[in-house]
Amino acid sequence: MEYKNTLNLPKTDFPMKANLPVMELEIQKYWDEINIYDALLEERKDSDLYVLHDGPPYANGHIHIGTAFNKILKDFIIKYKNIRGFRTPYIPGWDCHGMPIEHNVTKELGPKIKEISKLELRKKCREYADKFVNIQKGEFKRLGVFGDWGNPYITMSNVYEADIIDNFGKLVEKNFIYRGLRPIHWCMKCQTALAGNEIEYEDKESPSIFVKYKWVGENKFFLIWTTTPWTLPANVAVAMHPDEDYVEVDSSFGSLVMMKKLFESVKGKLNDLSMKIVKETKAKDYLDKIYLHPIDANRTGRVITADFVTTDTGTGIVHIAPGHGYDDYQAGIKFNLDIISPVEKDGTFSQSVEKYAGINVFKANAAIIEDLKLEGSLIFEEKFSHSYPVCWRCKSELIFRATEQWFLDVEKSNLRERLLREIDSTKWIPAWSKERIYNMVKTRPDWCLSRQRSWGVPLPVLYCKKCGSPHIKKSTIDKVRDEVLKHGSDIWFEKETKELVGEIKCDKCGGTEFEKETNIFDVWFDSALSHSAVVKKRPDLRWPSDLYLEAVDQHRGWFQVSLIVSTATDDRAPYKEVLTHGLILDKNMKKMSKSLGNVFSPEMICKKYGAEIIRLWFASIDYTSDAPFGEELLKTSLDTYFKIRNTIRFMLGNLGENDLSKIKIEKEEMHKLDRYILSRYARTRKRILEYYDNYEFHKVFREFYNFIVNDLSSFYLDVLKDRLYTYAKDSKERQSGLYTVYLLLNDMLKQIGPILPFTAEQAYMHFKKPEKKKSVHMETIDNTFDSYLDAKIEENFDFLNSVRGNALMALEKMRNSGEIGKSVEADIILSPRNEETRKLFEEYKDILSQIFIVSNVEIKDETGEEFQDRKLSYALKAEKAEGEKCARCWLYLDTVGQDEKHPQLCEKCAEAVKSEV
RNA sequence: GGGCCUGUAGCUCAGUUGGUUAGAGCGCACGCCUGAUAAGCGUGAGGUGGUUGGUUCAACUCCAACCAGGCCCA
């Protein structure tokens, strides 16, 4: 029993129980103390630069699991590039302006909103955004993300706002900016424009009418369908489906054109039994045909085609009013139609519609229907129920109303072609990502930059008080820019026009009095300019960025808007590579939403499990598609984490207090098994680095984890125990094993550092090595490990491992029959059947019993009937070990009892015990 | 309705240019060890490859349709 004290058992202070929620905070504190971010940049000050530019999350609410996923993926790359020796500044940013914040602040204010000024509202929005920037900052840091947290970029800062205005000036100078009409959702009660998430939907009954539009010069009619009679005064065209068949029919209402598919339905509704098809036609037969305007007989309209024409309701011909509908508007742009919108802010018709001027549009519905009936052009009417948009605040029904907006022209200076060219020369990961954005950009409309809101950067445009024409000039815009740089964009609302831009004159009428634009920029314009306001401006970065990394939805968002402004102003994409990841869904692959209650906060998970567990989960999934998330799944990561942690702990324990600087063993001098595992690891880590370089973290993780499980834990370390525990402390065999463990752990901590930064750091603190850095993240990975590659020895072990597999099965059989418990109670008998195998067995004779973890391995000629398996180049059998059990190493050996002083020990143990004294 | 993506064991992933009985780890079951012990080791059972057709001597791998889910548009 007392011989146990003579063994070299593992010992370490590195705790088995991680207690991550506490440990991570301690490590974080240490990182703060050594100022890890600056320290890393200093460490790499002469290295090559790598720029991953952070897309700004919206400063609204706490971070959610998706935001965490994105930041952690970025952090994997930053930390990996860093440990590969790159200088990796990372400037996190926040998107601060925009509707959702304004909306939330407005909601909080309630009715008080009416009492406060625009500037006060903006101030409240600023405070709101500021609060969440700080909250999110803490939450990101908590996840172990390294970055310039003390100096992030904020889109509402003076410098950033000034840069937005500066770039707008550049776009104006290059003629990309124009003013045009565009229909937007409008609440006539609140007299305001509404954005997407301010709109709610309610079921509503609308009139559904069929109206005859008479052809010019012919007594035939298009039978059109609409649910908004009040938009008829703004009619400029009718649309037919380009791919559908049409028919001309005779009816008691005259000769009508309609979609063939809908003929029976229309016939039924009109209740006209005499109705019959006289001619089959195609939409293209009518293209550009002129008809008389249904309300204003002095006007005409023409036929266009549009694929949004429905084929299951109505007549298959749709009334088009580009000023009053989004589809209509798109079609209007495509076919160069007039965009007319004779509706005032309060929802009444303007003077241009003589008949209905001053009447509310919804009230006008009935009047219009009556009039059309009287004329005989309305031939069918019914009620149609559908969901209809209403105002989130006053719940009144919304209309589409064309208003003056500012646009960025994507056709100007061949911009669209240039965008496509830039998409083509950028590397998109995964590859399909390119096609996705390419198709979007190919068909996207001009960018509407103006928003009728308060919380944002004002559009620096002035309007002549005398003639109303806009003043939009680079020189004036630059003056505004300078003011904003000094005072922030509130200055636009605070100062008088003259104080802002000095004396200016209207180009049209010479007027000198101007009004300031009240619109602000679309927030996407803000974030689009981070490439300029951040990447170009910060001395520690370099434009264009090496990488942008965001979720799939950003093809329509940040990837695209950044590309547009950057290409317009600088004629190239702001990035060299773009990496896209999928979204995090719930465990059933359903969208997460607060109403479903399937949302997890990263904060809660950090408190309960630790950031490492989330990071490990994110590393284990393939981010190119959407991924599930749930607490049960996190449990897997927890198990995985502890396996990694325990393996590291075991290695640390064996290294113990040994002074590793003393050990230096040439490769040729090392134990065969050590040479094997080093070669195997050298190959593994080469693959790991390749995966890292391709941003395939789930493959990194799997490669790493499989090595830990299959190669280290269940094989190498298990086999090594005997050598480390029982051999004499300074024996060559033991030293070789120690040195191997040291080499492995030293490299493994660096490899896993990007994924498990806290654990790698904690282990590094307990790791005794010469010339240690302040942090594991200051280390660098180089390729010296490649010198351990040894194809021959790996080939030999491939074979030996297969023999081991058979040995284990034979041992399992003995265990099941109760003959043995642990494997050292057995011997293995090998019998080679060919010369090659015999030679190999002989070559590895000295370590075979170790590999199998048995007491003895005997190589002898085949004798008995036990050797059945003829497929193998050897026969194998397990028997109960002969010899006596050594009290120290527990092997059953012949040499036990030979030593006079230590009769209970084997020869090796006796020597070992003596050498320690 | 359109553009793009995803669908291999309970879970997360592999599967080279179509070619033998579709692999791994986890989990699970059973067993061993008690000198990695809130650990470690072994053995084993799990797959109609979303569905249906087609091409082919041969398809998880190519094609088509459909189903389910996701993002972005409409």
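So that the names make sense, note that chain A is the first sequence line, chain B the second, and so on, each numbered from 1.
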[atom1] gap between [N] and [M], integer Å:
| N | M | atom1 | value |
| --- | --- | --- | --- |
| B/U52 | B/A59 | C1' | 15 Å |
| B/G2 | B/G46 | P | 44 Å |
| B/C4 | B/G40 | P | 48 Å |
| B/G1 | B/C62 | P | 26 Å |

Using a cut-off of 4.0 Å on non-hydrogen atoms, how would the nucleic acid contact of [X] be classed: base, sugar-phosphate, or nothing?
| X | answer |
| --- | --- |
| A/I621 | sugar-phosphate |
| A/F701 | nothing |
| A/W617 | sugar-phosphate |
| A/K643 | sugar-phosphate |

Can you check B/G10 for me, syn or anti if syn means within 90° of 0?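 B/G10: anti glycosidic orientation.
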Under the 3.5 Å rule, do the base of [N] and the side chain of [X] count as making a donor-acceptor pair?
| X | N | answer |
| --- | --- | --- |
| A/R556 | B/C71 | no |
| A/K721 | B/A36 | yes |
| A/R815 | B/U43 | no |

Go ahead and name the base partner of [N]; Watson-Crick or wobble counts if both distances stay under 3.5 Å, otherwise write none.
| N | value |
| --- | --- |
| B/C62 | B/G54 |
| B/A24 | B/U12 |
| B/G7 | B/C67 |
| B/U43 | B/A29 |
| B/U34 | none |

Atom-pair distance (CE on A/M809; P on B/G44), nearest Å: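 Taking CE of A/M809 and P of B/G44, I get 6 Å after rounding.
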Once you round it to whole Å, what is the distance between C1' of B/A36 and CG of A/N646?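 It works out to 7 Å between those atoms.
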If you check the [X] side chain, which of [options] turns out closest?
| X | options | result |
| --- | --- | --- |
| A/L717 | B/U43, B/A36, B/G3 | B/A36 |
| A/N706 | B/G35, B/G40, B/A24 | B/A24 |
| A/N710 | B/A24, B/G31, B/C71 | B/A24 |
| A/H698 | B/C13, B/G35, B/A74 | B/C13 |

A/F308 ring over B/G1 six-membered base ring, under 5.5 Å and 30°: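 Stack criterion not met.
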Should the ring pair A/F629 and A/W617 be called parallel, tilted or perpendicular, given that the plane angle runs from 0 to 90° and is split at 30 and 60?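 Rings of A/F629 and A/W617: perpendicular, over 60°.
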Which of parallel (below 30°), tilted (30 to 60°) and perpendicular (above 60°) describes A/F525 and A/W447?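 The arrangement is perpendicular - the two ring planes meet at more than 60°.
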